[in-house]
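Values below: all heavy atoms of this structure, side chains included; hydrogens, waters and symmetry mates excluded. Reminder, nothing fancy here: chain letters follow the sequence lines and each chain counts from 1.
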Number of protein chains: 2
Amino acid sequence: MVNIKDVAAEVGVSAKTVSRVVNGESAVKPQTRKRIEEAIEKLGYVPNQAARLVRTNRSRVLGILTDFVSTTPYSVEIIRGIQDRIAETDHSLLIANTAGDPAMERRIWQTFREHRIDGVFYATMYHRHVAFDFDHPPLPMILVNCSSPDHPELPSVVPDDYEGGYEAARYAIEQGHRAIAYITLNPLILAAELRDAAFRAALSDHHVPPQEKWIRPGIVGEIGKEEVVAFAEALALLGGKAKKKPTAIVCGNDEIALQVLCAALSLGLRIPQDVAIIGYDDFHVISMLVEPKLTTVALPYYEMGRRAGDNMMAVLSGADMISRVEKIPCPLVKRASA
Amino acid sequence: MVNIKDVAAEVGVSAKTVSRVVNGESAVKPQTRKRIEEAIEKLGYVPNQAARLVRTNRSRVLGILTDFVSTTPYSVEIIRGIQDRIAETDHSLLIANTAGDPAMERRIWQTFREHRIDGVFYATMYHRHVAFDFDHPPLPMILVNCSSPDHPELPSVVPDDYEGGYEAARYAIEQGHRAIAYITLNPLILAAELRDAAFRAALSDHHVPPQEKWIRPGIVGEIGKEEVVAFAEALALLGGKAKKKPTAIVCGNDEIALQVLCAALSLGLRIPQDVAIIGYDDFHVISMLVEPKLTTVALPYYEMGRRAGDNMMAVLSGADMISRVEKIPCPLVKRASA
DNA sequence: GCTAAAAATGTCAACGTTGACATTATGCGG
DNA sequence: CCGCATAATGTCAACGTTGACATTTTTAGC
């Protein structure tokens with residue numbers, strides 16, 4: 001493999017000068033620079049990052065440590081966002097998946113340290129709280145889609161689930177609905193808590209009496225092996241014998257909305273005339289594919305990834321972050337289902 | 001950061017001996033080994049991969065180069081498979097996304113070479129043919145979910161779409177259907193071609209007269225910005241004025257099946273009594289969530305990833321692969337929709 | 001055309017590790 | 001307890017790059 005000395009020899013110049021060109025330092029005569037660039041091209045020289053790292057102790061590699069993210073449909077957008085932002089810099093990315101396994105997580109930290117990673121993005125599938133083994137993170141770290149109550153000093157980027165949940169309910173009310181049901185996410189997740197509270201607050205703020213029996217669980221079971229039971233709930237809500245039935249159903253996420261939609265359709269109900277459906281996440285595979293298309297609150301995963309990238313760059317360049325939780329807004333996307 | 005010499009000094013032994021312990025070489029007295037291991041633990045020594053690489057020129061890092069995979073719901077399973085297989089070895093993984101951009105692809109190859117990657121998995125979102133700039137790949141390479149007609153020497157792992165497509169049609173026939181429609185994938189994709197041909201072959205083999213007007217496109221438009229139009233097609237097929245209507249619809253993939261299901265349901269049809277629906281991919285977000293749950297052909301993405309990992313290990317250990325395209329079977333998953 | 005400052009380039013050691021080879025300790029048969 | 005094979009450990013240079021510093025070349029001002 002051709003190295004920096006080969007290039008230097010080809011041009012008749014010292015290795016250091018080639019190094020300067022490769023690293024874009026200024027003190028090189030344009031003419032020399034040109035000849036070196038040509039030689040690099042001609043010989044197919046590719047700088048050896050490892051050698052550089054040995055010398056400088058800065059790897060220019062960032063890690064992404066996720067629980068299930070990169071193996072989960074929608075939240076991969078977080079990774080896309082990080083990737084796109086990092087592509088603008090001279091860093092590259094090492095992505096690793098714990099699959100929720102602590103042993104795996106330790107192994108990954110080890111790998112990260114072996115490679116002298118410059119910083120780590122810690123991203124989760126669901127918006128939730130996380131805890132860590134260490135007292136102080138071994139590397140600069142940005143939390144994405146999660147926050148750590150024990151480590152308030154860690155910068156984190158999260159969706160504003162409360163605002164989004166509020167907006168969903170508000171929109172239903174604005175459309176004239178007064179009989180609004182809510183099928184919740186798995187209550188174990190922070191996102192569920194926030195959206196839930198927001199739903200109740202919105203109803204209360206707009207003087208719509210909440211109906212406890214219309215607030216039903218749509219997903220149950222431990223994280224990683226949850227089950228979606230919204231279909232049965234929706235069937236009961238919309239097809240039961242109760243005199244008064246909801247005219248709108250706000251859903252904890254789009255997966256729930258999909259089941260609710262199946263239930264409504266199979267009962268012969270028209271959407272949104274007979275029953276309006278509002279989702280959450282704007283998970284395109286569902287929201288853009290069902291008919292009618294889903295009105296839903298978009299989770300700004302891509303944007304969150306980008307912001308996390310911004311924060312990482314800030315941290316690495318030594319800017320002392322006013323460490324804080326940054327909330328990214330979740331805009332309501334109006335389509336046909338409500 | 002503590003290095004190998006610090007450990008050596010702590011134990012009162014040479015750096016080389018510590019190196020031997022770290023690399024699991026045999027010629028070390030158990031007692032010495034133990035003392036060194038304790039010192040490593042005590043000092044928190046983490047070997048510097050970069051320094052090792054500079055010396056050995058073997059990075060123990062593999063790259064995954066994808067078009068849209070890691071940003072696409074189902075095919076992430078390929079990555080999971082590769083990850084799980086590689087986790088069993090002493091390698092780590094660098095994942096990069098081209099997003100279909102050739103400039104990005106070049107940039108990534110550059111990064112891979114800078115890091116002296118040992119090998120590359122080239123994975124695509126759809127099963128398709130790929131072409132490369134180079135005459136000879138710069139690194140050991142395994143194709144996943146794609147094959148390259150120009151480079152028959154590259155080992156590749158692909159799903160057996162033909163067999164899966166055949167199976168789907170055969171199952172419909174076996175269930176007694178004779179009026180079977182087929183809503184196709186984007187014909188630009190190899191998978192579409194294979195499933196398509198298999199559908200026709202299955203009908204022909206079982207003496208079911210094919211109806212050209214019942215073979216309709218479900219997805220149109222360029223790759224990366226395709227549009228799913230299956231809803232309208234299904235509506236026409238199932239709700240039109242034609243006397244004879246299909247009793248079963250085989251779909252090019254689960255996204256199409258989702259739209260077909262919405263169409264059937266909104267026409268008041270019962271599934272599978274009035275119309276049976278068969279998908280393809282077993283994309284859980286759809287197949288397990290719709291009601292009735294989808295009968296579909298599973299795409300063995302996870303398994304493909306693992307097999308690709310096996311192949312990579314074989315190639316790296318110098319086994320001269322009888323270079324070939326390895327087809328992984330696509331089993332039919334029977335659920336409620338057909 | 002001389003000088004001083006600035007620009008361009010060069011020299012050399014060091015980063016942390018491991019291969020090749022050298023040396024020293026240990027065990028064993030007699 | 002000697003000699004020899006084998007096991008255990010050590011020495012040292014080299015991998016490709018860049019930081020600190022040194023030297024040479026160019027430029028600008030007069």
Side-chain angles (χ1 to χ4, degrees), chain A residues 1-40 43-61 90 92 110-118, chain B residues 1-40 43-61 90 92 110-118:
Chain A
M1 188 127 228
V2 28
N3 64 26
I4 201 168
K5 283 182 191 164
D6 298 331
V7 177
E10 171 83 14
V11 184
V13 86
S14 80
K16 183 71 229 221
T17 303
V18 178
S19 168
R20 279 190 258 260
V21 170
V22 170
N23 292 289
E25 288 169 37
S26 52
V28 179
K29 212 195 280 187
Q31 200 207 104
T32 313
R33 174 182 304 271
K34 182 138 170 290
R35 281 165 54 221
I36 292 176
E37 278 163 353
E38 284 165 5
I40 288 177
L43 302 180
Y45 166 66
V46 180
N48 186 328
Q49 287 291 349
R52 176 180 286 171
L53 166 55
V54 169
R55 190 66 179 84
T56 61
N57 226 26
R58 288 207 48 224
S59 66
R60 302 183 173 288
V61 173
D90 56 359
S92 26
Q110 171 82 6
T111 303
F112 280 178
R113 298 177 65 185
E114 283 178 356
H115 288 278
R116 302 298 190 265
I117 295 279
D118 289 337
Chain B
M1 190 126 228
V2 27
N3 64 27
I4 202 168
K5 283 181 190 163
D6 298 332
V7 178
E10 171 82 15
V11 185
V13 85
S14 80
K16 183 70 229 220
T17 304
V18 177
S19 167
R20 280 191 256 260
V21 170
V22 169
N23 291 288
E25 288 169 38
S26 53
V28 179
K29 212 195 282 187
Q31 199 206 105
T32 314
R33 176 184 302 274
K34 181 138 171 289
R35 281 164 54 220
I36 292 177
E37 277 163 355
E38 282 165 8
I40 288 177
L43 302 179
Y45 166 66
V46 179
N48 186 328
Q49 287 290 350
R52 174 179 288 171
L53 166 54
V54 168
R55 192 66 180 79
T56 62
N57 226 26
R58 287 206 49 223
S59 65
R60 301 184 172 287
V61 174
D90 56 358
S92 28
Q110 172 82 6
T111 303
F112 279 179
R113 299 179 64 187
E114 284 177 355
H115 288 278
R116 300 299 188 266
I117 296 279
D118 290 336

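By the side-chain contact (heavy atoms from CB on, under 4.5 Å) test, B:K34 pairs with B:E38, sequence neighbours left out. Every residue meeting the side-chain contact (heavy atoms from CB on, under 4.5 Å) condition with B:V54, not counting sequence neighbours, appears here in chain and number order: A:A50, A:A51, A:V54. For the side-chain contact (heavy atoms from CB on, under 4.5 Å) test, residues two or more places apart in sequence or in another chain that qualify with B:N23 are B:S19, B:E25, B:R52. Looking at residues two or more places apart in sequence or on another chain, you find a side-chain hydrogen bond (donor to acceptor under 3.5 Å, both in side chains) between A:S14 and A:T17. By the side-chain hydrogen bond (donor to acceptor under 3.5 Å, both in side chains) test, A:D118 is found to be paired with A:S59, residues two or more places apart in sequence or in another chain being considered. Taking the side-chain hydrogen bond (donor to acceptor under 3.5 Å, both in side chains) definition, one finds that A:R116 meets it with nothing, sequence neighbours left out. Not counting sequence neighbours, A:T32 has no partner by the side-chain hydrogen bond (donor to acceptor under 3.5 Å, both in side chains) test. Residues satisfying the side-chain contact (heavy atoms from CB on, under 4.5 Å) test with A:E114, not counting sequence neighbours, are A:Q110, B:V46, B:P47, B:Q49.
Contacts of residues 52-60 of chain B with DNA chain D (heavy atom under 4.0 Å): B:V54, B:R55. Taken residue by residue, residues 30-38 of chain B places heavy atoms nearer than 4.0 Å to DNA chain D at B:T32.
A residue-by-residue look at A:E25 and B:A27 shows that B:A27 has its nearest nucleotide of DNA chain D further toward the 5' end. Comparing A:K29 and A:K16 against DNA chain D, the residue whose closest nucleotide sits nearer the 5' end is A:K16.
Heavy atoms of A:V22 sit nowhere under 4.0 angstrom from any nucleic acid atom. Contact annotation for B:T17: backbone-only contact, meaning every heavy-atom pair under 4.0 Å involves sugar-phosphate atoms and none involves a base.
Sorted by first and then second residue, the side chain to side chain donor-acceptor pair (under 3.5 Å) pairs with a member in residues 1-11 of chain A read A:E10-A:K42; sequence neighbours excluded.
Taking a heavy-atom distance under 4.0 Å as the criterion, the stretch of DNA chain C touched by chain A extends 5' to 3' from C:dA8 to C:dC15.
A heavy-atom distance below 4.5 Å is not found between the side chains of B:V13 and B:R35.
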